[in-house]
Number of protein chains: 2
Amino acid sequence: MASQALPYRPHNHQACVTQALADARAICRAQNARLTPTRERVLELIWQSHKPLGAYDVLAELTAEGQNAAPPTVYRALDFLQQHGLVHRIASLNAFIGCAHAGENHTGMFLICRSCGNVLELTAPGVSGAIEDAAKAESFKAEDVTLEIAGLCPRCQSETGHD
Amino acid sequence: MASQALPYRPHNHQACVTQALADARAICRAQNARLTPTRERVLELIWQSHKPLGAYDVLAELTAEGQNAAPPTVYRALDFLQQHGLVHRIASLNAFIGCAHAGENHTGMFLICRSCGNVLELTAPGVSGAIEDAAKAESFKAEDVTLEIAGLCPRCQSETGHD
DNA sequence: TCTGGAAATGTTATAATATTACAAATTTTC
DNA sequence: GAAAATTTGTAATATTATAACATTTCCAGA
Ligand SMILES: [Zn+2]
Ligand SMILES: [Zn+2]
Ligand SMILES: [Zn+2]
Ligand SMILES: [Zn+2]
């Protein structure tokens, strides 16, 4: 069996964060986009863990740090990060998570554990292909796909199984 | 080419509504669930068209009709209808639409036109299968799938093409 | 037909998420 | 350095959803 994906096992998460920030800087530089301090800090907060964070959770952190922040501060930063493919919004949770495939052209598919809250972002060509085919069969021009699967991650399945 | 799906062409929509209500009554009877007047009226309002309706749109209608309605009135009715598979919530729109496959065991896939607002609910076995495979590959136990495709419906594509 | 419990509804208040509008400051471009 | 564009500050408000508790309606069993 393949080793479990990152969110599902202990790992040096700081490495995830560092890598994500480095990627983000490179992507913004390449796109001539300004990763300002607030935007970068919001991205870092979003990457705090593999669990999605609500906009108002981000806001609370910024406020706690003494930043002069209001809802538009956060939503603007999140809009910027979304537009540059650095974070995703999870519609079924009204929350945001760092993109695990920033820079790659991809359709995110999210496995959301209802027990521990961790989210794994996948790129599944088979799924994307099947979706495109289904849309094409209806002559529908697909532009944006929201695909979110709620359930139990491997770790949480085994835990309940041991009760 | 196959004829276009219902939402995308003129049709006797009242027939859709009548059928949906008849199906709902049968399903509730079979499940020993009470399709009370408010619940039935909410379902009928949701079926008003093939465009999703917000909870507060429903509320406004009920109020206009002189019903003594508050947000919980609507959300309770919607919860009931969702639980019995009669309506779906579209997470990316915060809105609700009548289920086009009530009674069938299905995973809804929604094609949402960003221009006209119509939504087509599909059942695509190929897509469901691919999603299950992808989840299984991560040892993830999928329980609930949110699949919403935003784009342009056939009608709206041809209109923009003629500009 | 009474009656006790369950289910549904009424009512008020509030929580949680997101946007509008306009002013001020900063950065970039020329 | 001035004009233009972008970003940020600030206050108010819109939109979506839920909590909490009282009241009513329904229905099964006595
Ligand atoms: Zn991604
Ligand atoms: Zn889990
Ligand atoms: Zn359905
Ligand atoms: Zn359309």
Side-chain angles (χ1 to χ4, degrees), chain A residues 24-25 28-43 45-46 51-84 86-97 112 117 146 148 150, chain B residues 24-25 28-29 31-43 45-46 51-63 65-84 86-97 112 117 146 148 150:
Chain A
R25 286 188 205 103
C28 287
R29 200 176 311 122
Q31 300 185 9
N32 217 9
R34 289 161 61 190
L35 189 62
T36 61
T38 298
R39 290 168 175 172
E40 184 168 330
R41 181 62 183 136
V42 169
L43 179 60
L45 287 170
I46 292 285
K51 305 177 192 193
L53 213 56
Y56 279 74
D57 297 328
V58 174
L59 178 57
E61 276 291 334
L62 292 180
T63 300
E65 293 171 3
Q67 262 210 46
N68 194 349
T73 311
V74 173
Y75 282 101
R76 282 168 183 157
L78 289 171
D79 283 351
F80 172 90
L81 295 169
Q82 279 185 271
Q83 254 150 26
H84 293 84
L86 302 173
V87 308
H88 293 285
R89 181 169 188 274
I90 307 292
S92 58
L93 299 177
N94 294 331
F96 301 82
I97 190 155
I112 304 168
T146 298
E148 301 169 7
Chain B
R25 285 187 206 103
C28 287
R29 200 177 311 123
Q31 299 185 10
N32 218 9
R34 290 163 59 191
L35 190 61
T36 61
T38 298
R39 288 167 175 173
E40 185 169 330
R41 181 62 183 135
V42 169
L43 180 59
L45 287 170
I46 292 286
K51 305 177 192 194
L53 213 56
Y56 280 75
D57 297 328
V58 174
L59 178 57
E61 277 290 335
L62 292 181
T63 300
E65 293 171 3
Q67 261 209 46
N68 194 350
T73 311
V74 173
Y75 282 101
R76 282 168 182 157
L78 289 171
D79 282 351
F80 172 90
L81 295 170
Q82 278 185 270
Q83 255 150 26
H84 293 84
L86 302 173
V87 308
H88 294 285
R89 180 169 188 275
I90 307 292
S92 58
L93 299 176
N94 295 331
F96 300 83
I97 191 157
I112 304 167
T146 298
E148 301 168 6

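Please read these numbers as outputs of a predicted model, since none were measured by experiment. Numbered from 1 within each chain, the chains take letters A, B, ... in sequence-line order. Excluded from the calculations below are hydrogen atoms, water molecules and symmetry mates; all remaining heavy atoms, backbone and side chain alike, are included.
- Summarising the geometry, the separation between CG on B/Leu59 and P on D/dT18 is reported as 15 Å, rounded to the nearest angstrom.
- The interatomic distance linking A/Tyr75 (OH) with D/dA11 (P) rounds to 19 Å, in whole Å.
- For B/Arg34, counting side-chain heavy atoms from C-beta on, the closest listed nucleotide (C/dA7, D/dT8, D/dA19) is C/dA7.
- When all heavy atoms are compared, the tightest approach of A/Leu62 to A/Leu45 is CD2-CD1, 3.9 Å.
- Remark: side-chain polar atoms of B/Glu148 are paired, donor with acceptor, to backbone N or O of B/Ala91 under 3.5 angstrom.
- When the C1' atom of D/dT16 is taken as reference, atom OH of A/Tyr56 falls 12 Å away, rounded to whole Å.
- To the nearest 0.5 Å, atoms CZ (B/Phe80) and OG1 (B/Thr36) are separated by 7.0 Å.
- A side-chain donor-acceptor contact under 3.5 Å links A/Arg39 to the backbone of A/Arg34.
- Within the 4.0 angstrom heavy-atom criterion, base atoms lie near A/Arg76.
- Along DNA chain D, the nucleotide nearest to A/Phe80 and the one nearest to A/Asn94 differ in position, and the one closer to the 5' end is contacted by A/Phe80.
- Taking atom CG of residue B/Asp79 and atom C1' of nucleotide D/dT16, one finds them 13 Å apart after rounding to whole Å.
- The A/Asn68 side chain lies nearest to D/dG9 when the options are D/dG9, C/dA8, C/dA18.
- Comparing D/dA19, D/dT16, D/dT10 against the side chain of B/Pro72 picks out D/dA19 as the nearest.
- Look at CD on B/Gln82: it is 15 Å from P on D/dT16, rounded to the nearest Å.
- When distances are taken from the side chain of A/Thr73 to each of C/dT11, D/dT10, D/dA17, the shortest belongs to D/dT10.
- For B/Ala55, whose side chain is taken as the heavy atoms from C-beta onward, the closest listed nucleotide among C/dT12, D/dA17, C/dT17 is D/dA17.
- Between B/Thr36 and the phosphate of C/dT9, there is a side-chain N or O to OP1/OP2 separation shorter than 4.0 Å.
- Protein atom CZ of A/Arg89 is 16 Å distant from nucleotide atom P of C/dA16, rounded to whole Å.
- The heavy-atom pair separating A/Leu81 from A/Val42 by the smallest distance is CD1-CG1, 3.9 Å.
- Per the geometry, CG belonging to B/Leu93 stands 18 Å off P belonging to C/dT17, to the nearest Å.
- In this structure, CG of B/Leu62 is placed 12 Å from P of C/dT9, rounded to the nearest angstrom.
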